[in-house]
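Counting starts at 1 for both ligands and their atoms, in listed order. We number each residue from 1, following the sequence as shown.
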Amino acid sequence: MVMQSVSSQTDTEAIIVGGGIQGLGVLHDICSRGIEGVFAFEEKAVASGTSSRSTKLVHGGLRYLEQFSQWGLVREALRERTLLLKLIPSLVTPLPFILPVFKNTRPSWMVRLGLGLYDLIGGNTHLPKSKKLSESEVLSFAPYLKLETYTHQDCFLYYDAQMLDDVIAKVVAFSAKKLGGNVWENSKVISVKPKENGSGFFVEILRNNQKHFFSTKAVVNASGAWNNSNLLNWGITPHVPCLLNLGTHIIFKADAVNAQPQKSAATLLQNEDGRVVFFIPWNGSWLFGTTESILDTHPNKIQPPQQDKNYLVECAQKHIQLNFPAEECIQEIFTGIRTMPVNFKNKILSNDNHFKNPFESPFYIKSLDKSISKLSRETVIDETVKNMFSIYGGKYTTYRSQSEKIGALICSVLNKKGSSKTNSSESWFIQEMIAQNPLLLQSDSSLRSN
Ligand SMILES: Cc1cc2nc3c(=O)[nH]c(=O)nc-3n(C[C@H](O)[C@H](O)[C@H](O)COP(=O)(O)OP(=O)(O)OC[C@H]3O[C@@H](n4cnc5c(N)ncnc54)[C@H](O)[C@@H]3O)c2cc1C
């Protein structure tokens, strides 16, 4: 049996569980308000969860415009896109997108209307407006597309942005530390106990087989897919049942197609089954993915599902002029998982102790009676117990504005004033980070391997 040593208790202002973009974003926000004594704990490495496994788009989400209830989210995301393009231009860059219209998919007039609205909501940006392309223009933007599939189709061009997701998370962590925050990796939060007098929490951490004890006034549960399982492990009943949405991406080698990633547009494909698939030039290679599956098992050590891989390979063979058989073009394949809150307005009453198998509890929904694309991507911030906030759902693109909301909540718990400054380049320390280790600004594929 491994011996665990113990350390004495440290008093803190606030503790954040999870070193993904949401947890680190909250830390950065609180620190930018001049508040000290705040810790973020990450069980593995910063950005080793979904925050290195996204589609790597900083976008409003064109297809969310189909639901009027999501327009607010699209507006917020497009506002954040503009800000991030300005604040961290080396990590968030403009990306042209081709959007072909096929028979049996959304009609041309609807796409044109949606793009017009997207331009309008996008507001004052330096990105060019959307337009219809001629056949030759399509081929100059996306020479990798299969010619026979694309002639005689309407094709549109619009602009969004892309990012180095894991690198942004590392820059946010670095910047938070420069502003006085603490980030502990390889540190699992094993217990959170509300104090009997309601003045805060006792928190236990396991780091390198050593237990560390903390006392804190507020807790932010930003542990992504593990949110509800952590709560149940800590003896706290969640309020927000969620499903785990899984997405699979293939990175195709640079020479998989006859085109240069640096000079090509991305393509948004609408498949006949209604699913949306992205083919994106990314980081010198090609990213191809879809994000519409439901995870019905445990998220630890998850492998990309064979059916998603087959789906993507088939779709690539249909639409993309690959230089080699698809399997030979694959450089990497990875999977990401996010929570999507479901029916969170109806409380689940459960007296069972789900400690042993939290992912089998009713707080993880395993099936849905409608398409997953109909579920909202909005962030839900739930005060699970007094002064403990759990974050569900949300987009990478809106992490900063949502962190600002949580930063304000923490400020009021701590009874402190101070406004968020993450919208100003003075709160970002990219140059210092480059000076310390320029390699940190490169995407680290090992984070995406399970
Ligand atoms: C496939 C996919 C593609 C996506 N693509 C995009 C996109 O292109 N654009 C966009 O805007 N959004 C996208 N999203 C959404 C976005 O990526 C996620 O919302 C975001 O990355 C989630 O960040 P997070 O910090 O909540 O979770 P995570 O990054 O998963 O971080 C949670 C962390 O908590 C840690 N943790 C868990 N339990 C504990 C514990 N007890 N103690 C300590 N640490 C713990 C985990 O190790 C993990 O690192 C996508 C989502 C998915 C699933």
Side-chain angles (χ1 to χ4, degrees), residues 15-27 39-61 64 73 76-78 80-81 84 92 95 160-163 165-166 168-169 172-173 183-192 203-207 219-234 242-249 266 278 280 282 287 289-295 299-300 302 304 308 334-340 358 372 377-379 390-400 402-403 447-448 450:
I15 275 178
I16 297 155
V17 187
I21 191 59
Q22 304 289 358
L24 297 167
V26 172
L27 179 72
F39 285 71
F41 297 113
E42 165 53 48
E43 183 177 352
K44 296 173 187 157
V46 156
S48 56
T50 307
S51 299
S52 57
R53 300 151 187 263
S54 76
T55 313
K56 296 152 198 328
L57 295 176
V58 174
H59 64 157
Y64 307 140
L73 171 66
E76 178 189 358
L78 290 178
E80 287 300 305
R81 183 186 71 177
L84 292 172
V92 178
L95 178 68
D160 244 321
Q162 69 177 163
M163 61 174 162
D165 51 1
D166 60 317
I168 295 179
V172 170
V183 180
W184 284 25
E185 294 182 288
N186 302 313
S187 302
K188 180 172 180 161
V189 178
I190 51 174
S191 111
V192 176
V203 177
E204 247 179 279
I205 310 296
L206 188 62
R207 187 192 207 192
V219 171
V220 177
N221 177 17
S223 51
W226 294 268
N227 263 354
N228 284 347
S229 107
N230 279 328
L231 291 172
L232 291 164
N233 277 318
W234 303 332
C242 56
L243 62 75
L244 297 180
N245 165 223
L246 174 147
T248 302
H249 290 83
F278 297 99
I280 303 173
W282 181 76
L287 187 68
T290 178
T291 62
E292 296 190 17
S293 300
I294 297 176
L295 179 73
N300 291 5
I302 176 129
D308 274 12
F334 65 89
T335 300
I337 311 151
R338 73 179 129 208
T339 52
M340 284 190 174
I372 206 164
R377 264 61 169 177
E378 276 166 319
T379 310
S390 298
I391 310 171
Y392 296 86
K395 290 166 69 71
Y396 201 116
T397 307
T398 54
Y399 91 88
R400 199 209 59 82
Q402 293 300 322
S403 300
L447 284 172
R448 298 188 291 266
N450 285 295

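- Taking every heavy atom of Val17 and a limit of under 4.0 angstrom, the matching atoms of ligand 1 come to 40 (C), 42 (N).
- Comparing Ser293, Ala77, Gly20 against atom 31 (O) of ligand 1, the shortest heavy-atom distance belongs to Gly20.
- The closest side-chain heavy-atom distance from Val189 to Val203 is below 4.5 Å.
- Residue Lys188 has at least one heavy-atom neighbour below 4.0 Å for each of these atoms of ligand 1: 41 (N), 42 (N).
- Proximity of Thr55 to ligand 1, defined as any heavy-atom pair under 4.0 Å, is shared by backbone and side chain alike.
- For ligand 1 and Ser223, the ligand atoms under 4.0 Å from any heavy atom of the residue are 32 (C), 34 (O), 36 (N), 37 (C), 38 (N).
- Counting protein heavy atoms only, atom 19 (O) of ligand 1 is closest to Gly394 O, 3.1 Å.
- If you check which protein heavy atom lies closest to atom 22 (C) of ligand 1, you get Ser51 OG, 4.1 Å.
- The atoms of ligand 1 that sit less than 4.0 Å from any heavy atom of Gly49 are 29 (O), 30 (O), 49 (O).
- Between Val183 and Glu42, every side-chain heavy-atom pair lies at or beyond the 4.5 Å cut-off.
- Any N or O atom pair closer than 3.5 Å counts here, and Tyr396 shares at least one such pair with ligand 1.
- Every atom of ligand 1 is numbered from 1 in the order shown, and the set under 4.0 Å from a heavy atom of Gly336 is 1 (C), 53 (C).
- The CG atom of Leu243 lies 6.5 Å from the CE atom of Met340; values are rounded to the nearest 0.5 Å.
- Among protein heavy atoms, the minimum distance from atom 2 (C) of ligand 1 is reached at Thr291 CG2, 4.0 Å.
- Heavy-atom proximity to His59, at under 4.0 Å, picks out these atoms of ligand 1: 9 (N).
- Polar contact check, Trp234 against ligand 1: no nitrogen or oxygen pair lies under 3.5 Å apart.
- Between the NE2 atom of His59 and the CD atom of Gln162 there is a distance of 12.0 Å, given to the nearest 0.5 Å.
- Side-chain contact check for Trp282 versus Leu95: every heavy-atom pair is 4.5 Å or farther apart.
- Checking Ala161, Ser54, Gly393 against atom 4 (C) of ligand 1, the nearest heavy atom belongs to Ser54.
- The nearest heavy-atom contact from the protein to atom 24 (P) of ligand 1 is Gln22 CG, 3.5 Å.
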Where do Ser48 and Leu447 land on the side chain to side chain contact (heavy atoms under 4.5 Å, CB included) test, with the steps shown first?
-> CA-CA 5 Å; Ser48 56; Leu447 284 172; 4.0 Å; yes
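- Within the 4.5 Å cutoff, the side chain of Val220 has heavy atoms near those of the Ile391 side chain.
- In this structure, the side chains of Ile294 and Leu244 stay at 4.5 Å or more apart for every pair of heavy atoms.
- For atom 1 (C) of ligand 1, the closest heavy atom belonging to the protein is Gly247 CA, 3.5 Å.
- A 4.5 Å side-chain heavy-atom check between Val192 and Ile15 finds every atom pair outside the cut-off.
- Within the set Ile21, Leu57, Ile280, Val189, the minimum heavy-atom distance to atom 41 (N) of ligand 1 is found for Val189.
- What sits closest to atom 15 (C) of ligand 1 on the protein, heavy atoms only, is Arg338 NH1, 3.4 Å.
- Here Ala225 has no heavy atoms under 4.0 Å from ligand 1, in either its backbone or its side chain.
- The structure places CH2 of Trp226 at 5.5 Å from CD1 of Ile337, a figure rounded to the nearest 0.5 Å.
- Among protein heavy atoms, atom 27 (O) of ligand 1 sits closest to Gly224 CA, 4.0 Å.
- Of the residues Asn245, Asp308, Thr335, the one that meets the side chain to side chain donor-acceptor pair (under 3.5 Å) test with Ser293 is Asp308.
- When heavy-atom distances to ligand 1 are checked against a 4.0 Å cut-off, Phe41 comes that close only through its backbone atoms N, CA, C and O.
- By the criterion of a heavy-atom distance under 4.0 Å, the backbone of Lys56, and not its side chain, is placed next to ligand 1.
- With a 4.5 Å cut-off on side-chain heavy atoms, Val46 and Leu24 count as touching.
- At under 3.5 Å, not a single nitrogen or oxygen of Asn245, backbone or side chain, sits near a nitrogen or oxygen of ligand 1.
- Of the protein's non-hydrogen atoms, Glu43 N, 3.0 Å is the one closest to atom 44 (N) of ligand 1.
- Atom 28 (P) of ligand 1 has its nearest heavy-atom neighbour, among Asn230, Thr50, Ile190, in Thr50.
- Here the straight-line distance linking atom OG1 of Thr379 with atom CG of Leu73 works out to 7.5 Å at 0.5 Å rounding.
- Heavy-atom proximity to Ile337, at under 4.0 Å, picks out these atoms of ligand 1: 53 (C).
- Close approach of ligand 1 to Thr397 is summarised as follows: ligand atoms under 4.0 Å from at least one heavy atom of the residue are 10 (C), 11 (O).
- In this pair, Phe41 and Phe39 present their aromatic rings parallel. The plane angle is below 30°, not in the 30 to 60° band.
- Separating the OG atom in Ser54 from the NZ atom in Lys395 is a distance of 10.0 Å, to the nearest 0.5 Å.
- We find the CD-CZ distance between Glu76 and Arg400 to be 9.5 Å, quoted to the nearest 0.5 Å.
- Looking at Ser187 against ligand 1, only its backbone comes within 4.0 Å, counting heavy atoms.
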